[in-house]
Amino acid sequence: RDAAPGFTMVALVIGMLILTITIAAVGPALGMIGRREREQELLFRGKQYARAIGLFQRRYGRYPNTLKELYENNPRTIRKLWKDPMCDCGDWYLLILNSPDANPLQGGPAALAPPGRLRTPIPPTPTPLPSAFGTPQSAGPIVGVRSRVHKEALTAWRGQTYYDQWRFIVG
């Protein structure tokens with residue numbers, strides 16, 4: 001008998017091993033590329049919402065109470081209701097006018113007041129309403145959005161390193 005069939009099997013196993021090692025080495029890099037693209041998409045969509053809210057305010061003389069208003073009022077101020085690319089969901093955290101989280105100069109609810117000054121009291125939580133995507137949202141004049149995903153970003157944006165710290169606010 002010829003010994004070639006045995007060598008063919010060994011070559012096949014070695015080839016599969018090399019392929020497995022290559023996939024294991026390249027896989028995380030491909031995942032990182034996808035995550036970086038989702039980060040860029042989050043920045044784009046968040047800025048689109050901030051611009052649309054600003055345009056809505058200039059056009060109608062008030063801030064929208066829901067994201068759905070941006071799309072449904074004629075003329076529209078946004079092309080479509082964007083999903084949060086980090087979770088692929090429409091469950092954006094809404095930044096309500098006069099809430100501490102909506103102040104562009106503050107770091108959000110965890111920020112400290114300047115020494116010797118009292119913080120402005122937090123207004124009562126508005127009544128939840130259904131959002132454009134079917135999940136409850138706060139009612140009130142919306143001045144911006146942010147992601148609900150609390151994961152560390154690959155890059156910092158405006159000094160913030162977590163996605164839910166990236167606030168997209170009018171102005």
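These numbers come from the heavy atoms of this one structure, side chains and all, not from hydrogens, waters or symmetry mates. From a predicted model like this one, the values you see are computed outputs, not experimental measurements.
A donor-acceptor pair under 3.5 Å is formed between the side chain of W92 and the backbone N or O of W82. Side chain of T77 to backbone of L70: a donor-acceptor contact under 3.5 angstrom is found. Side chain of Q57 to main chain of I53: no donor-acceptor pair is present (N/O by atom type, distance under 3.5 Å, no hydrogens or angles). A side-chain donor-acceptor contact under 3.5 Å links E39 to the backbone of L154. No donor-acceptor distance shorter than 3.5 angstrom exists from the side chain of W157 to the backbone of L43, with no hydrogens or angles considered. Between the side chain of R59 and the backbone N or O of P75, at least one donor-acceptor pair lies under 3.5 Å.
Connection of L81 to L42 is established within a shared hydrophobic cluster, with ILVMFWY side chains joined at heavy-atom distances below 4.5 Å, either directly or through further cluster members. Taken together through direct or relayed side-chain contacts under 4.5 Å among Ile, Leu, Val, Met, Phe, Trp and Tyr, F44 and L95 form part of one hydrophobic cluster. In terms of hydrophobic clustering, with Ile, Leu, Val, Met, Phe, Trp and Tyr side chains grouped at heavy-atom distances under 4.5 Å, I78 and L55 are assigned to different clusters. The hydrophobic clustering, which links ILVMFWY residues whose side-chain heavy atoms are closer than 4.5 Å, places I96 and Y60 together.
The heavy-atom pair separating R148 from D84 by the smallest distance is N-OD2, 3.8 Å. Nearest approach of A156 to T161, heavy atoms of both residues: CB-CG2, 4.0 Å. Scanning both residues, P28 and A25, for their nearest heavy atoms gives CD-O, 3.8 Å. Taking all atoms of both residues into account, the shortest heavy-atom contact from D101 to I169 is O-CD1, 4.2 Å. G46 approaches F168 most closely through the heavy-atom pair O-CB, 3.2 Å. Considering all non-hydrogen atoms of both residues, Q160 and W166 come closest at O-NE1, 3.0 Å.
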Point to revise | Pair V26-L30, side-chain contact (heavy atoms from CB on, under 4.5 Å): steps then yes or no | key: CA-CA 6 Å; V26 172; L30 292 175; 3.8 Å; yes
Exercise for review: Dump the intermediate steps for side-chain contact (heavy atoms from CB on, under 4.5 Å) on V13 and L17, then the final yes or no.
Suggested key: CA-CA 6 Å; V13 169; L17 180 65; 5.6 Å; no
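Inspection of the E152 and Y163 side chains reveals no N or O donor paired with an N or O acceptor under 3.5 Å. Using modelled atom types and a 3.5 Å distance limit, the side chains of S147 and D164 yield no donor-acceptor pair. At a cut-off of 3.5 Å, with distance as the only test, a side-chain donor of Y71 or R76 sits close to an acceptor on the other residue.
Contact check on R36 versus E41 returns no salt bridge, with no Lys/Arg side-chain nitrogen under 4.0 Å from an Asp/Glu carboxylate oxygen.
Side-chain contacts under 4.5 Å among hydrophobic residues (ILVMFWY), followed directly or transitively, place Y162 with no other residue at all.
Within the 4.5 Å cutoff, the side chain of R167 has no heavy atoms near those of the R158 side chain. In this structure, the side chains of R62 and P141 stay at 4.5 Å or more apart for every pair of heavy atoms.
Atom CD1 of I14 and atom CG of L19 lie 13.5 Å apart (nearest 0.5 Å). One finds the CZ atom of R35 at 13.0 Å from the CD atom of Q40 (value rounded to the nearest 0.5 Å). Considering CG of L94 and CD1 of I142, their distance stands at 4.5 Å, rounded to 0.5 Å.
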